[in-house]
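Down below is the structure, laid out as structure tokens.
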Amino acid sequence: MTTAAANKLDDYYETLKPLNLAPLWVRLKGLVPSEPMPKAIPFRWAWSPTRDALITSGSLISAKEAERRVLVLENPGLAGQSKITDTLYAGLQLILPGELAPAHRHTQSALRFCLEGEGAVTSVDGERTTMHRGDFIITPFWTWHDHKHEGDEPVIWLDGLDVPLVTALCAGFREEHTDEDQEITRPEGDALARYGNNLLPLDHSVSRTSPVFSYPYGRTRESLDSLARTGAVDPHHGITLRYINPTNGDWAIPTIGAMMRLIPAGFETRPYRATNSEVVVVLEGGLDVAVGQDPYVRLSRNDIMSIPGWSRVRYRAVDGDAIAFCFSDRPVHEKLGLFREDRG
Ligand code: GTQ
């Protein structure tokens, strides 16, 4: 195109602006890319400085004042957007002895993965559960939830929410409970007894979210241990189990997929990528993670890493078996027919 022709086009574009029109032909490749182009980058939050910053917040603001005392894990590629990947939210929540984070509910679904401390209690729609390291707990959309602390040391957990997806759909609603502390109507452990033992009450029908809201680490660990002994290790995933809704086999929350992954000592996974993005936190051992062409990044206990969608990942266990909790937006990709994976 000649300079004169290009100038003419630029003049034309200026005339379109006041008409609220735009030429697709300059935007098409960005709108409809040849492959996903996440803005998030692979990034590691090292536990020690992150924890220190969180503990400092405990002396500056109470859980009640903050409503939720959380440091948002913000991807460097998405500064200011409260996103750990293009589609996922993650934060670290601190609750101190005697504190209460008051009851509310919202259309965003949340998961908690407990990292440190004993004595915190989360209540979800009338039942409480005591949180222990490695426990996976869900507060599905529109369920009342509050957190309190009956122990004597700081408790920290990882929050994972589908906030960016709900924001994209403009479907966010929230409501505060009239009581700070919701009424407990069932004994602790009731949901696990009813729904979490490969049994369901006779007349229970399928529910969209899992009626089990607390998945204790002991049970998860038992399964991983048994599978590690049989040696059936997937070349791309190691030993990976997903948390399910026992009424229909779906993921525990319909929008967020949560998994526990064991990479056996000395094992290296083969490169794998999928359209979903992922967040990884190390529970036991050491885990080397290589994303794309980058060299391995070492994750130790409680280190957290973001994995953008469609980036090739390899895992390697260091320091014995590595156990890591992961969550992703894979369920949404699957449900919309967008999930694609590449085992090359
Ligand atoms: O604990 O209810 O990290 O509502 C972000 C929003 C935690 C919570 C977050 C929330 C919560």
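All values derive from a computational prediction rather than experimental measurement. Order of appearance sets the numbers: ligands from 1, and atoms from 1 within every ligand.
- Ion pairing between E127 and R194 fails under the 4.0 Å rule for side-chain N and carboxylate O.
- The shortest contact between atom 5 (C) of ligand 1 and any protein heavy atom is with Y89 OH, 3.5 Å.
- Residue H104 places a heavy atom less than 4.0 Å from ligand 1.
- In this structure, the side chains of L115 and L92 come closer than 4.5 Å at one or more pairs of heavy atoms.
- Of the protein's non-hydrogen atoms, H106 NE2, 2.9 Å is the one closest to atom 4 (O) of ligand 1.
- Looking from atom 8 (C) of ligand 1 to the surrounding protein, the closest heavy atom is R68 NE, 3.0 Å.
- What sits closest to atom 6 (C) of ligand 1 on the protein, heavy atoms only, is L161 CD2, 3.9 Å.
- Using a 30° and 60° split on the angle between ring planes, H145 and H147 fall in the tilted class, from 30° to 60°.
- Judged by a 6.0 Å distance limit and a 45° cone about the ring axis, R314 is positioned over the six-membered ring of Y296.
- Using a 4.0 Å cut-off between charged side-chain N and carboxylate O, D135 and R112 make no salt bridge.
- The residue from F136, Y215, Y217 that alone fulfils the ring-ring contact (aromatic ring centres under 6.0 Å, His included) condition with F325 is F136.
- In terms of protein heavy-atom proximity, atom 7 (C) of ligand 1 is nearest to D159 OD2, 3.2 Å.
- The aromatic rings of H177 and W144 stand perpendicular to each other, their planes meeting at an angle above 60°, with 30° marking the opposite boundary.
- Counting the atoms of ligand 1 from 1 in the order shown, those under 4.0 Å from a heavy atom of H145 are 2 (O), 8 (C).
- Not close to ligand 1: E67, with no non-hydrogen atom less than 4.0 angstrom away.
- Atoms of ligand 1 lying under 4.0 Å from at least one heavy atom of V70, given by number and element, are 3 (O).
- Within the structure, ligand 1 lacks Q108 among the residues with a heavy atom less than 4.0 angstrom away.
- Near H147, meaning under 4.0 Å from one of its heavy atoms, ligand 1 places the atoms 1 (O), 8 (C).
- A ring pair (Phe, Tyr, Trp, His ring centres under 6.0 Å) check over residues 250-285, counting only residues at least two apart or in different chains, returns the pairs H237-Y272.
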